[in-house]
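Notes follow once the structure below has been shown.
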Amino acid sequence: MIRNWSAAASGALRRPSAPVTHTLIAVCCLVFLIGPASGLDPGYGTGDALLAAQRGYFRHWGVIPADVFDGSAWSALTPATALFVHGSWVHLLGNMLFLHVFGTMTEARMGHLRFTLFYVGCGYLALLGYAVANADSEQSLVGASGAVSGILGAFLLLFPRARVTSLLPFLFFLPVRFPAWVVLPFWVVLQWLAAGQASDGPGVAYLAHLLGFGLGFCWAWARFTGTTTVRGAPAPASEGENQQ
C-alpha cells in the first residue's frame, strides 16, 4: 500500500488501548496463515497446484468488479470479505503495520464501536467504488488497504500535527520528521500519480487507496469538525491478484 515510509510513535505518550485494531490484525493474520497465499499449508500442494488454489481462493473471497453487480448476495458481500484477505506476506505485513500504528490512535479518538463501523464502511465503499470504475475487470481484488487508507484520512484530520518519521529514498533513506499534514497529503499525491500510470492487469489498486482516504477524511471532518483535535504521535509503512 504505502511504499518507502516508516513512522514512529512518540515514546513520551503511552499507547492507548485499541482492542478492535488488535482484533482486526489478528483476524487478518489468521486468515492469511490458513489460506493458500501463505504457502504454509501443504494441503494446497505446490507449484501449479498451489497457484491454482491461490487464484480460486482470491476469486471466491475477493472482489471481481465484473461480478459485483450481478445480483447475487455473495458478490455484494465480497467487498467486505476481501478486507480480510491478502495476496502475499509483504501485502499483509505492510497493511497490518499501518493498521497498528494509525489505527490505535484513531480508535482511541473515535471509540471502539464507531471505529469498527468506520473501518468496515470505508473499506467496503472503497472496494465498491473501485469496482464501479473498473466494471469490466475480471481481476480479483483483495486486501485491507482501502480501509487502512480510510484510517489515514481520518488521522490527518484528527492528528494533523503528529510528527511522522519518514524514510525518503531521494535523501538516501535518512530519517526526517514532518507533521502528518505534510506527509499524508504527499502520500495522496503519490497514489494519484501511480493510479494514472496503473495498468489493467494485476497490481496495486491505487484508486481504492484514494477512495478510502477521501472517505475517511470526509467522515472525520463531518463527525469531528468543531471538536478539539488531539496532538499525538504515530505513523509507519504498508502495501497483491490485484492487491490494495
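- The ring of His60 has its center no closer than 6.0 angstrom to the ring center of Tyr57.
- Listed for the Arg114 side chain is a donor-acceptor partner under 3.5 Å among the backbone atoms of Met110.
- Between Phe84 and Trp61, the distance from one ring center to the other does not fall under 6.0 angstrom.
- The number of heavy atoms from other shown groups lying within 6.0 Å of CG (Asp70) is above 12.
- For the pair Ala154 and Phe118, the tightest heavy-atom approach, listed with the atom from each and the gap, is CB-CZ, 3.7 Å.
- Linking Ile, Leu, Val, Met, Phe, Trp and Tyr residues whenever their side-chain heavy atoms come within less than 4.5 Å places Leu141 and Leu207 in a single cluster.
- Side-chain atoms of Leu128 and Phe69, non-hydrogen and from C-beta on, do get closer than 4.5 Å to each other.
- Note that CG of Leu33 is 11.0 Å distant from SG of Cys28, once rounded to the nearest 0.5 Å.
- Using modelled atom types, one side-chain atom of Arg59 and one backbone atom of Glu138 make a donor-acceptor pair closer than 3.5 Å.
- One distance of note links CG of Leu83 with NE2 of His86; it measures 8.5 Å at 0.5 Å rounding.
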Run the side-chain contact (heavy atoms from CB on, under 4.5 Å) check on Ser145 and His91 step by step: do they pass? CA-CA 9 Å; Ser145 297; His91 189 204; 4.3 Å; yes

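- Note: the hydrophobic cluster containing Leu40 also contains Val27 (ILVMFWY, side chain heavy atoms under 4.5 Å, direct or indirect links).
- Side-chain heavy atoms closer than 4.5 Å link hydrophobic residues (I, L, V, M, F, W, Y) into clusters, and following such links, possibly through other members, connects Leu152 to Met96.
- A donor-acceptor distance shorter than 3.5 angstrom exists from the side chain of Thr81 to the backbone of Thr78, with no hydrogens or angles considered.
- A 4.5 Å side-chain heavy-atom check between Tyr119 and Val20 finds every atom pair outside the cut-off.
- Here Leu184 contributes atom CG and Phe102 contributes atom CZ; the two are 5.5 Å apart, rounded to the nearest 0.5 Å.
- No single ILVMFWY cluster, assembled from side-chain heavy atoms under 4.5 Å apart, contains both Ile34 and Leu50.
- Here the closest heavy-atom approach between residue Ala53 and residue Pro36 is recorded as O-CG, 3.8 Å.
- In terms of modelled atom types and a separation under 3.5 Å, the side chain of Glu107 and the main chain of Phe115 share no donor-acceptor contact.
- With hydrogens and angles disregarded, no donor-acceptor distance shorter than 3.5 Å links the side chain of Ser137 to the backbone of Asn134.
- Closest approach of Arg109 to Leu158, counting heavy atoms only: CG-CD1, 3.8 Å.
- When only modelled atom types and interatomic distance are considered, Ser75 and Ser72 share a side-chain donor-acceptor pair under 3.5 Å.
- To the nearest 0.5 Å, atoms CG (Leu211) and OH (Tyr130) are separated by 10.5 Å.
- Linking Ile, Leu, Val, Met, Phe, Trp and Tyr whenever their side-chain heavy atoms come within less than 4.5 Å puts Val85 and Trp89 in one cluster.
- Among all heavy-atom pairs drawn from Ala222 and Thr225, the shortest one is N-OG1, 4.5 Å.
- Within the model, atoms CG of Leu99 and CD1 of Ile25 stand 4.5 Å from one another, a figure rounded to the nearest 0.5 Å.
- A distance of 14.5 Å separates CG of Leu156 from CH2 of Trp221, quoted to the nearest 0.5 Å.
- Scanning both residues, Ala37 and Gly87, for their nearest heavy atoms gives CB-O, 4.0 Å.
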Before giving the answer on side-chain contact (heavy atoms from CB on, under 4.5 Å), spell out for Val142 and Val63 the whole-Å C-alpha distance, their side-chain angles and the decisive distance to 0.1 Å. CA-CA 7 Å; Val142 298; Val63 177; over 6 Å; no

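- Put simply, the side chain of Ser149 never gets that close to the backbone of Gly212: no donor and acceptor are under 3.5 Å apart.
- A donor-acceptor pair is defined here as one N or O able to donate and one able to accept, closer than 3.5 Å; such a pair exists between the side chain of His22 and the backbone of Ala18.
- Below 30°, between 30° and 60°, or above 60°: for Phe213 and Phe217 the angle between ring planes is below 30°, a parallel geometry.
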